[in-house]
Amino acid sequence: MSTAPKSMEKLVEELRAARAHLEEGGGHARLEKQKSEGKLTARERVKTLVDEGSFEEIGLFARHRQTEFGMLGKEVPADGVVTGAASIDGRLVHLASQDFSVLGGSAGEVHSLKVAEVMEMSLHTGSPFVFINDSGGARVQEGIDSLSGYGKVFFTNVSLSGAVPQISLICGPCAGGAAYSPALTDFIIMTRKAQMFITGPQVIKQVTGEQITAEALGGADSHMGNSGVVHFVAEDDKDALYLCRRLLSFLPSNNLEDAPRLKAPNNVDPNPELNSIVPVEPKQAYDVRRVIAGIVDQGDFLEVQAGYAMNMVVGFARILGRSVGIVANQPQAMSGAIDINAATKGSRFIRFCNAFNIPLITFVDVPGFLPGVQQEYGGIIRHGAKLLFAYSATTVPKIQVILRKSYGGAHLAMGSKDLGADRVFAWPTAEVAVMGAEGAVEIVFRKEVDKAEDKAAKRAELIQQYKSTFSTPTAAAGRRLVDDIIEPAETRKHLAQALEYLSTKREQRPPKKHGLIPL
Ligand code: HXC
């Protein structure tokens, strides 16, 4: 055998072959199986997500260190996860994409260390982190080493939280403790081909006797409608990757930057349609998303958690190219009353926007907090307080637009002037009141109504009197709860102007470790 060193040509040839082999992950047959299920492979997902030719892989040659349970000498290409840096719309991101073709994408020690390492690069470079999940969870053969690896990922998730945006895509199984990494990130996008749960149907059957399919338990629709765990449901991988790019376009790369401002037409012309969307009769329903669409750039609104707590609408849009976070009561679901789920959904979104310097616009049409034994037992006091806490603690520009009803504690909880709103605009239909006039008359004038000969007429008269005294925008503007009463059609102009003038807002709060939002 020759002892002469190999030629560079030969070395390069071998390197190319080794790379190609590793890039094939679990091999042709497994990749084809994955594709036949209508999924992309781990590498195709990365390629589809990022700008063409921008992906720099880090750690292709990583190898596991295990020797037990048949792992000695076992080849596990890239240790089952593709990691690296790339650009999306020209902006740096770091990402990890689990390869199900390699030991079911299971997370061994090295696998998780690779993920944690690119996460740290996200932090050090101030760039978002995207984690594409498709895995059987902790690699069982590696025992507690894999458990420890996951622990490092969780720890790093928390250290990134609030510093750089973190987005999880769930494109395959995401079971057991593994589901907690996505849960620690800011947004979860889940495909209809994926499932997520802490304990699967079989364990549940053994422990509680309940019978349920994996899909009904942990499918995307269940996590949107029941648990509120996911933020977006995608039809398939391509849709999920598109949603990820779209979501990132609204966000800054880190907490020290503003979101990118898009070049947008400078149009703030009145939109007459807005004068007729909200019925003047306070109990009549309408879709608040029509109001939002009538105000923001190109009517383009990326709704977050569209299928959860539908009485509260949250999402991203732009005004004159500037990203804004929108929070709105939805009168066509539960009359827009705030329940536990709506309060939690709204608060979390508000805190995300605050962490990443995205101004907040709140559209208010709320009859109050939802009454009910289950709500009280469930802790509406504790959960509703989250909204009060979140708005009060927020220092980004906050603009409140009162469309119609704005009653009681819910008025305050929707980002009122007293909770630090920088501008409050009211439409002519606005009614700011401590409670609805009907309820108020019941409490204050019950004896007077009882004494009257025509009780109904007396009640109606007193209701009208209460309304005209308290429930008008001029009453609220007179008391400085409202800064200006505006024509609905001109809302976009007022918001654009306020956002411009508030763009240099700086607000300092007393230094402390952190406040204690009621959890
Ligand atoms: C090692 C695993 C694995 C795992 C799957 N595989 N999960 N290897 N550790 N956790 C391997 C399988 O042995 C198989 O290898 C290949 O991946 C594909 O798996 P299949 O079962 O053939 O695929 P499918 O039928 O699509 O089912 C996918 C699945 C199932 C639903 C994910 O594999 C499954 O239930 N896996 C176990 C899930 C689980 O209980 N995880 C919890 C681990 S403990 P071969 O070579 O046969 O093709 C845990 C605690 C966490 O996560 C703590 C950290 C926080």
Side-chain angles (χ1 to χ4, degrees), residues 24-42 63-82 96-116 119 131-158 168-185 188 190-207 212-220 222-223 229 236-237:
E24 219 184 20
H28 184 72
R30 283 175 195 262
L31 295 178
E32 285 307 310
K33 180 169 181 279
Q34 186 154 337
K35 289 193 216 182
S36 72
E37 290 164 3
K39 295 179 185 172
L40 297 177
T41 67
R63 296 176 75 148
H64 71 84
R65 295 185 268 242
Q66 300 299 320
T67 54
E68 311 285 346
F69 294 101
M71 292 296 284
L72 182 63
K74 188 174 177 66
E75 193 192 24
V76 185
D79 213 40
V81 64
V82 181
S97 177
Q98 292 179 314
D99 187 346
F100 192 81
S101 76
V102 178
L103 282 183
S106 58
E109 175 204 13
V110 172
H111 175 120
S112 291
L113 291 179
K114 278 180 70 179
V115 176
M119 291 170 80
F131 193 178
I132 305 173
N133 288 255
D134 188 353
S135 164
R139 189 174 296 153
V140 178
Q141 297 91 320
E142 298 198 22
I144 53 172
D145 286 340
S146 66
L147 192 64
S148 164
Y150 251 119
K152 291 190 172 66
V153 172
F154 297 165
F155 184 85
T156 318
N157 279 132
V158 175
S168 298
L169 276 68
I170 316 295
C171 296
C174 184
Y180 282 123
S181 172
L184 290 168
T185 63
I188 301 180
M190 184 169 182
T191 75
R192 288 220 154 82
K193 295 181 189 301
Q195 282 149 13
M196 243 181 143
F197 31 70
I198 296 297
T199 50
Q202 285 180 355
V203 177
I204 290 183
K205 192 175 165 202
Q206 277 167 12
V207 178
I212 188 162
T213 63
E215 182 56 30
L217 180 68
S222 175
H223 278 308
V229 164
D236 54 20
D237 289 352

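Just so we're clear, the structure is a prediction, and the values are computed from it rather than from any experiment. Atoms within a ligand are numbered from 1 in the order they appear, just like the ligands themselves. Along the sequence shown, the residues carry numbers beginning at 1.
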Taking all atoms of both residues into account, what is the closest heavy-atom pair of Asp134 and Gly172, and its distance?
->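 Heavy atoms of Asp134 and Gly172 come nearest at OD1-CA, 3.3 Å.
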Heavy atoms of Pro182 and Ile170 approach each other most closely as CG-CD1, 3.7 Å
How many angstroms lie between [atom1] in [X] and [atom2] in [Y], if you round to the nearest 0.5 Å?
X	Y	atom1	atom2	result
Leu40	Ile132	CG	CD1	9.5 Å
Glu68	Glu142	CD	CD	11.0 Å
Asp99	Leu31	CG	CG	6.5 Å

With a cut-off of 4.0 Å, which atoms of ligand 1 are near a heavy atom of [X]?
X	answer
Pro173	32 (C)
Leu147	53 (C), 54 (C)
Tyr150	54 (C), 55 (C)
Arg139	1 (C), 9 (N)
Leu103	2 (C), 6 (N), 8 (N), 11 (C), 17 (O)

Would Asp79 and Arg139 pass as an ion pair if we require N to O under 4.0 Å?
->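 Between Arg139 and Asp79 there is a salt bridge, with a charged N closer than 4.0 Å to a carboxylate O.
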Strictly inside 4.0 angstrom of [atom], do you find any protein heavy atom?
atom	answer
atom 6 (N) of ligand 1	yes
atom 13 (O) of ligand 1	no
atom 32 (C) of ligand 1	yes
atom 22 (O) of ligand 1	no
atom 35 (O) of ligand 1	no
atom 25 (O) of ligand 1	no
atom 47 (O) of ligand 1	no

Below 3.5 angstrom, do we get any N/O pair linking [X] and ligand 1?
X	answer
Val140	yes
Ala178	no
Phe154	no

Verify the distance criterion only: is there a donor paired with an acceptor across the side chains of Gln195 and Glu215 at less than 3.5 Å?
-> yes
Check whether the side chains of Thr156 and Lys152 place a donor and an acceptor atom closer than 3.5 Å, and report yes or no.
->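 Distance-only check fails for Thr156 and Lys152.
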Nearest protein heavy atom with distance in Å, relative to [atom]:
atom	answer
atom 3 (C) of ligand 1	Ser106 CB, 3.9 Å
atom 42 (C) of ligand 1	Gly136 O, 3.7 Å
atom 28 (C) of ligand 1	Phe100 CZ, 3.7 Å
atom 1 (C) of ligand 1	Gln141 OE1, 3.1 Å
atom 16 (C) of ligand 1	Gly104 N, 3.8 Å

With Phe100, which residues qualify under ring pair (Phe, Tyr, Trp, His ring centres under 6.0 Å), at least two apart?
-> none
Would His111 and Lys114 satisfy side chain to side chain contact (heavy atoms under 4.5 Å, CB included), going step by step from the backbone distance to the final call?
-> CA-CA 5 Å; His111 175 120; Lys114 278 180 70 179; 6.0 Å; no
Can you list the steps and then say if Gln141 with Leu103 is a side chain to side chain contact (heavy atoms under 4.5 Å, CB included)?
-> CA-CA 10 Å; Gln141 297 91 320; Leu103 282 183; 4.2 Å; yes
Stepwise side chain to side chain contact (heavy atoms under 4.5 Å, CB included) test for Lys193 and Glu37 | CA-CA 9 Å; Lys193 295 181 189 301; Glu37 290 164 3; 5.9 Å; no
Arg30 touching ligand 1 at heavy-atom level, < 4.0 angstrom | yes
Give the contacting part of Ala138 toward ligand 1: side chain, backbone, both or neither, where contact means a heavy-atom distance below 4.0 Å.
->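 It is both backbone and side chain that touch ligand 1.
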Any residue meeting salt bridge (Lys or Arg N to Asp or Glu O under 4.0 Å) with Lys35, in chain and number order, not counting sequence neighbours | Glu32, Glu44
